[in-house]
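Here is the naming used below: chain letters follow the sequence lines, and residue numbers restart at 1 for every chain. Since we're looking at a predicted model, the values are computed, not measured.
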2 protein chains.
Amino acid sequence: MARPREFDEDRVLDAVMETFWRTGFEGTSAQALVDATCLGRGSLYAAYASKTGLFEQALRRYQRRAQDHVDQLRQPGSPLARLRDLMAGIVEADLAESDRRGCLATNSAIEMSGRDPGVAELVRDNFGILTRGIAETIRRGQDAGEIRATADAETLALFVFNAVQGLRVLAKTTLAQDRAKLIAVIDQTLAALT
Amino acid sequence: MARPREFDEDRVLDAVMETFWRTGFEGTSAQALVDATCLGRGSLYAAYASKTGLFEQALRRYQRRAQDHVDQLRQPGSPLARLRDLMAGIVEADLAESDRRGCLATNSAIEMSGRDPGVAELVRDNFGILTRGIAETIRRGQDAGEIRATADAETLALFVFNAVQGLRVLAKTTLAQDRAKLIAVIDQTLAALT
DNA sequence: CTTATTATGGAACGGATATTCCAAAACCAT
DNA sequence: ATGGTTTTGGAATATCCGTTCCATAATAAG
């Protein structure tokens, strides 16, 4: 090791992640990544090999967001209320963004996972993190008698996670004024757990 | 009108639709469209003005698929069974495709609707067609006493449609061997209607 | 048949694409 | 300080992008 990196790897990957998040993989050019990171092309390619490598690293970094959601679920209070806060927060955030970037994992599932197995696996990991977090919360709710035990927590968790992914899609085309319709979907989903 | 088109417009738009469906908007090149349609570049651009115009026409043509789903829902039999057949058929088809192309409207919602209002509206139209069909089916189920009337049909329809969109996302990364997990999501979704 | 109009398909366009290369600079270990 | 090694950033490369252009062919109307 004869010379250390001058750039902050976290800062660079954050910039890369933001760019892919906003404009997708195919919609993002190498030039856009250079502009976003303020690095030279050479540095970028020496460190990450290719646009695909850059994308996978950025997606890996995105897992942190899934973990943040799990942490949010673990906060004190009723499990059902935690699930509601999570889902409502996601809808709120998705509708607030002017560019409707949504969720990078969802976007990657749609755009990339059919053609890049590596991306598909990263997306599966990401989905797994949140789904396991939801299952844990549901188990808590079942223990407290707040959520029915007529189905196991894993099954119910995938049902809830599936609804979250649906909301991510619907939020892309739902007008902010129709926010209430998405909230109603959340209500129906959570009511199905009791 | 001094010379008629030599090509079959439906056949050309089908080829264009297939191509965008498989590889997305950004992932599809003008060359790929030329190859798929067997038309010259000039003819293609004279008829459809631009890649965006081509995409919008293809997406318009895709509405027919949504209508097919509605027709499927209208076939005789129990409303709940019709909903199950529709959802199970979608999961089956999505998992069977080796390239995991999924649903063109869903894909377009994710990739395009944030940046192209015209596409967003077409996607909204597409979503509306199926959601209204589902609402109609749910109303039938409510009349037959098969589906609860504690929420209006439109609310329940959006809840079901939301689950369908979730399945479309999950199917992108779900291994064929885990098909049962998606079927369980369908079960939970339909059970919530009773 | 002639004329006006349109379709056709491929060549041509400028600019963008992902990636590679390289000389110069910066650092660490000796 | 010196030698060895790595980073750096920008120039260079060949290819591909979406789009336009145009000579030719084909038709419809007169």
Test salt bridge (charged side-chain N to carboxylate O under 4.0 Å, His left out) on B:Glu18 and B:Arg101; report intermediate values, then the result. CA-CA 9 Å; B:Glu18 287 284 340; B:Arg101 65 180 182 179; 2.8 Å; yes

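Counting non-hydrogen atoms of neighbouring residues, nucleotides and ligands closer than 6.0 angstrom, the CZ atom of B:Arg148 exceeds 12 such neighbours.
With C:dC27, C:dT19, D:dT8 as the choices, the nucleotide that has an atom nearest any side-chain atom of A:Lys51 turns out to be C:dT19.
Heavy atoms only, all atoms of each residue included: A:Ala58 and A:Val16 are closest at CB-CG1, 3.9 Å. B:Gln75 and B:Arg140 make their closest contact through O-NH2, 4.4 Å (heavy atoms, listed as atom of the first residue, atom of the second, distance).
With contacts defined as side-chain heavy-atom distances shorter than 4.5 Å, the pair B:Val34/B:Gln31 qualifies.
When rounded to the nearest whole Å, the span between CZ of B:Phe25 and P of D:dC17 equals 13 Å. We find that CD of A:Glu6 is positioned 11 Å from C1' of D:dT6, with the value rounded to whole Å. The distance between atom CG of A:Asp8 and atom P of D:dT7, rounded to the nearest whole Å, is 16 Å.
Remark: the backbone N or O of B:Met17 is not paired with any side-chain donor or acceptor of B:Tyr62 at under 3.5 angstrom. For A:Glu146 (side chain) and A:Thr194 (main-chain N/O), no donor-acceptor pair under 3.5 Å exists by modelled atom type. Using a distance-only test at 3.5 Å, with no hydrogens or angles considered, no donor-acceptor pair links the side chain of A:Glu136 to the main chain of A:Leu73.
No N or O donor and acceptor, one from the side chain of B:Arg3 and one from the base of D:dA26, sit under 3.5 Å apart.
At a non-hydrogen distance threshold of 4.0 Å, nothing from residues 9-23 of chain B comes into contact with DNA chain D. Residues from residues 26-45 of chain B lying near DNA chain C, meaning a heavy-atom separation below 4.0 Å, are B:Leu39, B:Gly40, B:Arg41, B:Gly42, B:Ser43 in numerical order.
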